[in-house]
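Remarks on the structure that follows.
FYI, the numbering just counts along the sequence from 1.
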Amino acid sequence: MVLAVQYLERSAVVGELDALYHRGTREPPCVIAAPHPALGGSMVSPVVAELAWALTRAGHPTLRFDYRGVGASRGASRHPAGAMRIADLQDEVADLHSVCEHLIATTQMPAVCAVGYSFGAAVALEAAQDARIGWLVLIAPPTKLSDFAALAAVRKPLLVVCAHHDSFCDRGALPLPDGARLEVIAHADHFFGRGLTALGKAVATWLRGDRPELIAPEDPGREGQPKSVDLELDPGGGEPLELDTDPD
């Protein structure tokens with residue numbers, strides 16, 4: 001049984017891609033793109049999971065997914081295992097577009113927010129010209145591995161979140177357009193071993209904007225938790241239980 005204060009995430013299949021869906025009622029729905037598949041990146045990475053949790057807590061539907069060739073997703077990745085380079089992203093961009101279309105059809109909302117972490121930030125940026133993407137969030141864009149010059153041309157609501165100590169991301173190399181917002185998570189590195197909760201909160205807060213009514217309700221106190229019930233066992237008319245008898 002799922003309680004009112006719990007969040008049910010269910011498996012989804014988008015074409016040949018494996019995905020996890022959280023329902024929600026607040027716009028925009030959010031698609032979350034995972035880190036580099038050649039380095040073990042997937043939808044179960046801690047950063048992706050935290051983003052899904054934080055955005056669901058804020059009321060947004062979320063859909064995170066594995067690129068083709070990752071996990072249970074069919075197909076093959078163009079990126080050889082262990083490769084650090086970010087080059088041809090056409091397959092991952094196509095995967096992201098498919099997931100956006102699926103989430104729009106599921107939620108009946110007009111457009112999604114594309115949230116990309118690390119390699120996923122490069123994928124989300126390349127996919128952002130699509131009309132189905134109305135908002136863009138880039139987490140720890142790895143400027144040392146990919147060119148993010150296309151940021152300057154983004155004309156959609158844009159949030160970039162960087163770690164304070166990130167050897168893969170040079171914040172000075174990010175050509176942020178007018179109106180974009182940059183958040184820096186203190187004490188964090190590229191993998192957000194510290195600052196993970198602050199990262200999720202920063203994204204959810206930006207999406208909420210100046211709409212205080214879209215703050216997720218607080219978890220109820222102990223009075224809202226299911227009450228425990230003491231159970232009394234039927235003594236069975238005085239007959240000894242099997243375990244009460246001496247096996248000898």
Side-chain angles (χ1 to χ4, degrees), residues 27-39 41 47-48 51 55 60 64 67 78-79 83-101 103-104 110-186 188-192 195 198-210:
E27 293 187 28
C30 299
V31 170
I32 306 172
H36 208 314
L39 301 175
V47 171
V48 173
L51 289 166
L55 292 170
H60 301 277
R64 49 181 164 139
Y67 307 114
R78 295 171 181 262
H79 307 280
M84 292 285 290
R85 191 167 58 95
I86 298 178
D88 189 349
L89 297 175
Q90 65 178 5
D91 286 348
E92 287 79 15
V93 169
D95 292 344
L96 179 59
H97 284 158
S98 296
V99 174
C100 290
E101 182 175 359
L103 187 57
I104 287 172
V112 308
C113 176
V115 183
Y117 163 51
S118 190
F119 173 92
V123 174
L125 178 59
E126 190 160 325
Q129 293 183 3
D130 193 285
R132 291 167 292 190
I133 297 176
W135 297 259
L136 186 62
V137 176
L138 307 183
I139 310 295
T143 59
K144 301 296 180 65
L145 305 179
S146 183
D147 183 4
F148 283 83
L151 266 178
V154 173
R155 295 297 179 263
K156 300 177 179 181
L158 169 64
L159 171 68
V160 178
V161 185
C162 299
H164 190 205
H165 306 289
D166 190 339
S167 59
F168 295 99
C169 177
D170 177 5
R171 298 193 294 276
L174 294 171
L176 298 178
D178 292 341
R181 181 165 182 174
L182 175 66
E183 292 275 353
V184 178
I185 305 300
D189 62 14
H190 187 76
F191 305 100
F192 293 93
L199 169 62
K201 183 177 179 181
V203 177
T205 299
W206 179 77
L207 279 178
R208 185 173 72 235
D210 58 357

Which pair of non-hydrogen atoms, one from [X] and one from [Y], has the smallest distance, and what is that distance?
X: Leu96; Y: Ala124; value: CD2-CA, 3.8 Å
X: Pro28; Y: Cys113; value: CG-CB, 3.8 Å
X: Ala127; Y: His97; value: O-NE2, 3.2 Å
X: His60; Y: Cys30; value: CB-SG, 4.2 Å
X: Leu159; Y: Val203; value: CD2-CA, 4.0 Å
X: Gly134; Y: Lys156; value: O-CB, 3.8 Å

Residues 121-132 vs salt bridge (charged side-chain N to carboxylate O under 4.0 Å, His left out), sequence neighbours excluded, gives Glu101-Arg132, Asp130-Arg132
Are [X] and [Y] packed together at the side-chain level, in the sense that at least one heavy-atom pair is separated by less than 4.5 angstrom?
X: Ile139; Y: Phe192; value: yes
X: Pro141; Y: Leu174; value: yes
X: His36; Y: Ser118; value: no
X: Val154; Y: Leu125; value: yes
X: Val123; Y: Asp95; value: no
X: Trp206; Y: Arg181; value: yes
X: Val48; Y: Pro35; value: yes
X: Asp189; Y: Asp166; value: no

message: Strictly distance-based, threshold 3.5 Å: is any side-chain N or O of Tyr67 a donor or acceptor partner for the main-chain N or O of Ala34?
response: yes
| said: If we ignore hydrogens and angles and just use 3.5 Å, is the side chain of His164 paired with the main-chain N or O of Val184 as donor and acceptor? | reply: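 It does not hold such a pair.
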In Å, rounded to the nearest 0.5 Å, how long is the span from [atom1] of [X] to [atom2] of [Y]?
X: Leu103; Y: Arg64; atom1: CG; atom2: CZ; answer: 13.5 Å
X: His190; Y: Cys169; atom1: NE2; atom2: SG; answer: 8.0 Å
X: Cys100; Y: Ile133; atom1: SG; atom2: CD1; answer: 4.5 Å
X: His165; Y: Ile185; atom1: NE2; atom2: CD1; answer: 12.0 Å

- When the ring planes of Phe119 and His79 are compared, do they come out parallel, tilted or perpendicular, using 30° and 60° as the limits? perpendicular
